[in-house]
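Worksheet for the structure shown next.
Bear in mind the structure is a predicted one, so any value in this text is a computation, not a measurement.
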Amino acid sequence: MIVTLIVICEVGFWVLLAAGLGLRYLAKMPRTGAAVLLCEPLLEIVLLVVTVLDLRAGAEPDWKHGLAAVYIGYTAAFGHYTVRWLDGHARHRLAGGPPPVKPPRFGAARGRHEVKLWLRTVAGAGLAAALLQIAVWYVDDPERTASLTSWQGFAGRAVLIHGLIALSYVLWPKKPKGGAPDSAAGEAARRPVEDRAGR
């Protein structure tokens with residue numbers, strides 16, 4: 001049941017996202033669209049409640065509960081970022097808004113961008129690890145909670161691997177070819193004035 005609910009939550013995330021953006025920019029109902037987008041966190045709350053109830057009902061803690069915790073942590077850390085990114089593209093393509101600013105591609109600016117993404121991973125992994133630890137304390141049986149603690153290790157490894165990737169961009173910044181601009185501001189400077197004004 002937990003795995004099925006995770007799939008439902010993931011599908012629901014994209015359905016609510018599409019509905020919210022459609023209402024906001026196609027139906028010209030910005031407040032209704034924003035209200036739909038604000039319903040996104042309810043999916044994680046439902047998943048959390050069902051997972052807790054499953055454990056309270058005496059279910060054996062296993063990989064499904066660990067996956068639920070990691071999923072909740074990931075969506076809490078990256079859900080708003082994803083919604084904001086897609087909202088910018090929808091505003092540009094459906095409502096004639098200015099093109100969304102692209103992430104920096106080179107130099108120190110790219111390094112800072114990667115570090116910010118890594119901090120999101122840290123936050124998501126920290127939330128997942130905390131939820132898993134609460135479950136471990138609740139069950140209070142080391143022999144039955146080995147699967148949950150293994151997911152804590154998975155969250156820690158994700159932080160380490162992503163951290164090494166981000167660090168590589170800081171220590172060895174990618175350089176533009178042929179003297180291209182080093183940041184999103186440089187990219188904006190190359191656009192015509194009419195384009196930057198959104199006309």
From [atom1] ([X]) to [atom2] ([Y]), nearest 0.5 Å:
{"X": "Ile72", "Y": "Glu44", "atom1": "CD1", "atom2": "CD", "result": "7.0 Å"}
{"X": "His80", "Y": "Leu37", "atom1": "NE2", "atom2": "CG", "result": "10.5 Å"}
{"X": "Ser168", "Y": "Lys174", "atom1": "OG", "atom2": "NZ", "result": "11.0 Å"}
{"X": "Trp151", "Y": "Asp62", "atom1": "CH2", "atom2": "CG", "result": "10.5 Å"}
{"X": "Glu10", "Y": "Leu5", "atom1": "CD", "atom2": "CG", "result": "12.0 Å"}
{"X": "Glu60", "Y": "Leu55", "atom1": "CD", "atom2": "CG", "result": "10.0 Å"}

Side-chain H-bond candidate by donor/acceptor type, His162 with Thr121, under 3.5 Å:
yes
Going by heavy atoms in the side chains, are [X] and [Y] under 4.5 Å from each other?
{"X": "Ile2", "Y": "Leu67", "value": "no"}
{"X": "Phe154", "Y": "Leu132", "value": "no"}
{"X": "Phe106", "Y": "Lys175", "value": "no"}
{"X": "Leu16", "Y": "Leu43", "value": "yes"}
{"X": "Leu148", "Y": "Tyr138", "value": "no"}
{"X": "His65", "Y": "Asp54", "value": "yes"}

Set out, in order, the CA-CA distance, both residues' side-chain angles and the distance that settles side chain to side chain contact (heavy atoms under 4.5 Å, CB included) for Trp14 and Thr82, then state yes or no.
CA-CA 10 Å; Trp14 294 105; Thr82 302; 4.1 Å; yes
Might you confirm whether atom CZ of Phe78 has over 12 heavy atoms from other residues, nucleotides or ligands at distances under 6.0 Å?
yes
Decide if atom CZ of Arg93 counts as having more than 12 heavy atoms of other residues, nucleotides or ligands within a radius under 6.0 Å.
no
Check whether [X] and [Y] end up in the same hydrophobic cluster, where Ile, Leu, Val, Met, Phe, Trp and Tyr are linked by side-chain heavy atoms less than 4.5 Å apart.
{"X": "Leu42", "Y": "Val36", "result": "no"}
{"X": "Val15", "Y": "Phe13", "result": "no"}
{"X": "Val52", "Y": "Val139", "result": "no"}
{"X": "Val46", "Y": "Leu48", "result": "yes"}
{"X": "Val122", "Y": "Leu167", "result": "no"}

Backbone N/O of [Y] and side chain of [X]: donor-acceptor pair under 3.5 Å:
{"X": "Arg91", "Y": "Gly97", "value": "no"}
{"X": "Trp118", "Y": "Val159", "value": "yes"}
{"X": "Tyr71", "Y": "Leu47", "value": "no"}

Non-hydrogen atoms of [X] and [Y] that approach each other most closely:
{"X": "Val170", "Y": "Gly111", "result": "CG2-O, 4.0 Å"}
{"X": "Arg110", "Y": "Glu114", "result": "NE-OE2, 2.8 Å"}
{"X": "Ala155", "Y": "Ala125", "result": "O-CB, 3.7 Å"}
{"X": "Ala128", "Y": "Ala69", "result": "CB-O, 3.5 Å"}
{"X": "Gly73", "Y": "Leu127", "result": "CA-CD2, 4.0 Å"}
{"X": "Pro104", "Y": "His113", "result": "CG-CB, 4.0 Å"}

What's the verdict on side chain to side chain contact (heavy atoms under 4.5 Å, CB included) for Lys116 and Arg120, showing C-alpha distance, side-chain angles and the deciding distance?
CA-CA 7 Å; Lys116 288 179 181 178; Arg120 289 185 178 275; over 6 Å; no
Between the side chains of Asp87 and Arg24, is the shortest nitrogen-to-carboxylate-oxygen separation below 4.0 Å, so that they form an ion pair?
yes
Option passing side chain to side chain contact (heavy atoms under 4.5 Å, CB included) with Val136 (candidates Thr145, Leu131, Asp141):
Thr145
